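Below is one structure, written out as structure tokens; comments come after it.
In what follows, chains carry the letters A, B, and so on, assigned in the order in which the sequence lines appear, proteins first and then strands, with residues in each chain numbered from 1. This is a predicted model, so every value here is computed, not measured.
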Amino acid sequence: MKWSKAFIPTLKEDPKEAESASHKLLLRGGFVRQHQSGVYIFLPLGWKIMLKIINIVREEMNRIGAQEMLLPSLTASELWEESGRWESFGSDMFRLKDRKDKDMALAPTHEEIMADIARNSIRSYRDLPQIWYQIQTKFRDEPRPRSGILRVREFIMKDSYSFDTSWEGLDESYEKHREAYIRIFKRSGLRFRVVRASSGLMGGSASEEFMVPSPAGEDVLAVCDNCGYAANLEVAKGIPDPIPESPFKKREKVHTPDVKSVEEVSAFLKVSPSLIVKSLVYMVGDDPYLVLIRGDHDVNEAKLSSAFGGEVRLAEPGEVMDLFGVQVGFVGPIGIKAKGIIADLALKGGRGMVVGANEEDHHIVGVNLEEDIEISRFEDIRSVKEGDKCENCGSPLRIEKAIEVGHIFKLGTRYSESMGVYYTAQDGSRKPIIMGSYGIGIGRIMAAACEIYHDEKGISWPINIAPYEVVLLEIDHRKTGDRAGELYEDLLKRGVDVIWDDRDAGAGFKFKDAELIGIPIIAVISERKLKEGKLEIQFRRDGQSMDVNFDEAGAAIAEIVRELKEKDAGRT
RNA sequence: CGGGGCGUAGCGCAGUUUGGUUAGCGCGCUUGGUUCGGGACCAAGAGGUCGCCGGUUCGAAUCCGGCCGCCCCGACCA
């Protein structure tokens, strides 16, 4: 491509709506434009990157024997009703009606469609296993799209689905995906980690996420640098500091005027926050439950809802007042008429603790949890904190933010049973197909690469997903145009993805553009170097440069590209 | 959905508090000339229903009411 003919509308100034690095840079570099909140246009440069990513994904999926298909985005409500997700997806699902008033949805994911294909066409164990995938646009009406292309309402995703006759088969399909995903993210040049994850609303058992550590990420991980344990905070486990010896040996009610929050109680009674028990009222359906957690810990609603096996909601202060006749700050587990009391594991064995008295301006101190309170059950319902000890090796855990780029799930029979996806086994019996589901956010790979590889000058793409591998940059096109043209043709013949900046513009201007859009290799053609028979090669990532003989430049560049591709795909 | 901010030329902004007649600035764009290793210079131009609707007023970008859109924080989320 000649730059003079290319549509690369770069911007000199940061667009005001952009905050995160990837958002600003993708807009400034002429990769994308926003069409609406959470809906983006991919301009030629941005789409070129998406295609390169898709290519990598496709190659790796095909390598594990997965078969690509194209599914509808416009889907009938019936399918969603069968699985129960017409209801449970709620307003995240884009819904519409056709001219005959039939309910439809723009598919947010495709489990139901895939399950439908399977139940219609798979009869026998002989037809299994299968892995099917699709790479296409999905729709979710996110409550708040943000960070440019990172959280959007219309996005391209690779989704694959595995169908097996046994749990062992599912394990194999899952493992194949795990390996394919590792190859995909390596080839894309990302730094990432595989973490344990929650399976959430999708249903199913095991699940892992592929995470790119970045402050721009929306997910939070707990990681152990010593043994490599890593998990999404939604499921992360850790060993908290022990509860200290309590000064309260006797159970008694104390006057705590207007002392409500943990900090206030802790300061007022002069005890560690870990001796205080926070009592929170959660609604599960219409039933109020009391949730107990240490004062220095936070409830993890993801864990809580899996402990309850359904949606939970923190009660409003007004609701608590109506239910128990006391302000939220003084609610306590003794003598409360909740549906049940669930306590965090870290509270087990707590002695001499402080709890709300269910009476205005009073707390009870010296409470021995297991003797004094009727706790229905202990569960792990707290969020791991920075500094908690790793369960495997005892080293301190670190908390970090990350961008989720992929997620693999063992679904099991959640969809096959609700939707009737059965096959006939070897012994003639009818059995549900065991499913798995595996997603990759294509645009997220692009955004994540941008977040982790940028500097003041712009983006610095990993070469395997860069919009071009090489830019031929002429200092003065009028003086070197002919020689540049020859080199350009040579590079094309050698299969190098090159853009030739043949514009009649100042050198500085061209350098700024090349660095902004992040092309990994900048080949500088100047009259000065040409007289010495040389060509200068600069590397975007580290700013290093070297000279090569102009006569052998084509071969030299092709070789450098090859090396850089291997090196870039080798990091983790 | 709660809180905050913004909407004026393609982009970034000033002007709005205190209403006043041709609505400015920088970048970009067009034409001509000069320049050419880090976002060049000179000259001449083009470009705006001031988000939309309604109201107040002799007069509205500016005041009042309603609506729409966008961003950020939080809540939510496979």
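For the C1' atoms, the distance from B:U56 to B:G19 is 11 Å, rounded to whole Å. Spacing between B:G51 and B:C13 at atom P, rounded to whole Å, works out to 15 Å. Annotation: B:G24 and B:C68 have their P atoms spaced 33 Å apart (nearest Å). Rounded to a whole angstrom, the distance from the P atom of B:G69 to that of B:U30 is 35 Å. Annotation: B:G12 and B:U8 have their P atoms spaced 8 Å apart (nearest Å). With P as the reference atom, B:C58 and B:G45 are 40 Å apart, rounded to whole Å. Spacing between B:G55 and B:A61 at atom P, rounded to whole Å, works out to 15 Å. Straight-line distance between the C1' atoms of B:G28 and B:G48: roughly 16 Å, to the nearest whole Å.
A search for side-chain hydrogen bond (donor to acceptor under 3.5 Å, both in side chains) contacts involving A:Glu19 returns nothing, not counting sequence neighbours. Applying the salt bridge (charged side-chain N to carboxylate O under 4.0 Å, His left out) criterion to A:Glu60, with sequence neighbours excluded, gives A:Arg63, A:Arg183, A:Arg187. With sequence neighbours left out, the salt bridge (charged side-chain N to carboxylate O under 4.0 Å, His left out) criterion links A:Arg540 to A:Asp455.
Contact annotation: the side chain of A:Asn232 approaches that of A:Met211 to within less than 4.5 Å [non-hydrogen atoms, C-beta and beyond].
Rounded to whole Å, atom C1' of B:A75 lies 11 Å from atom CD of A:Glu316. Distance, A:Arg478 CZ to B:G37 C1': 14 Å, rounded to whole Å. A:Asn232 places its CG atom 12 Å from the C1' atom of B:C77, with the value rounded to the nearest Å. Between the C1' atom of B:C36 and the CZ atom of A:Phe511 lies a distance of 12 Å, rounded to the nearest Å.
Remark on RNA chain B: of its neighbouring residues A:Phe155 and A:Ser37, the 5'-side contact belongs to A:Ser37, judged by nearest-heavy-atom nucleotide. Remark on RNA chain B: of its neighbouring residues A:Ala507 and A:Met157, the 5'-side contact belongs to A:Ala507, judged by nearest-heavy-atom nucleotide.
Out of B:C36, B:C73, B:G39, the shortest distance to the side chain of A:Lys512 is found at B:G39. Nearest to the side chain of A:Gln34, among B:C72, B:C71, B:G39, sits B:C71.
Nucleic acid contact for A:Asp14: sugar-phosphate only, since backbone atoms but no base atoms lie under 4.0 Å from a heavy atom of the residue. Among the atoms of the strands shown, none is found under 4.0 Å from any heavy atom of A:Glu234. No engagement by A:Ser91 is indicated, since no non-hydrogen atom pair under 4.0 Å with the nucleic acid exists. No engagement by A:Arg313 is indicated, since no non-hydrogen atom pair under 4.0 Å with the nucleic acid exists. Counting non-hydrogen atoms under 4.0 angstrom, A:Lys138 reaches nothing in the nucleic acid. A:Ala505 comes within contact range of at least one nucleobase, with a heavy-atom separation under 4.0 Å. At a threshold of 4.0 angstrom between heavy atoms, the contacts of A:Met93 with the nucleic acid are absent.
Side-chain atoms of A:Glu112 and A:Ser83 form a donor-acceptor pair, as typed in the model, at a separation below 3.5 Å.
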Any protein N or O atoms within reach of nucleotides 4-10 of chain B? Criterion: under 3.5 Å, listing atom names and distances.
unit_1 : atom_1 : unit_2  : atom_2 : d
B:C6   : O2'    : A:Lys16 : NZ     : 3.0

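Less than 4.0 Å separates RNA chain B from at least one heavy atom of each of the following residues of residues 516-527 of chain A: A:Val524, A:Ser526.
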### Query
In B/S/- notation, 5' to 3', how is nucleotides 25-30 of chain B contacted by protein heavy atoms closer than 4.0 Å?
-BSS--
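Between the side chain of A:Arg146 and the base of B:C72 there is no donor-acceptor pair of N/O atoms closer than 3.5 Å. Between the base of B:C77 and the side chain of A:Arg151 there is a donor-acceptor pair shorter than 3.5 Å.
Close to B:C76, at under 4.0 Å from its OP1 or OP2, lies no side-chain N or O of A:Arg144.
Shown here is A:Glu172, whose CD atom has no more than 12 heavy atoms of other residues, nucleotides or ligands within 6.0 Å.
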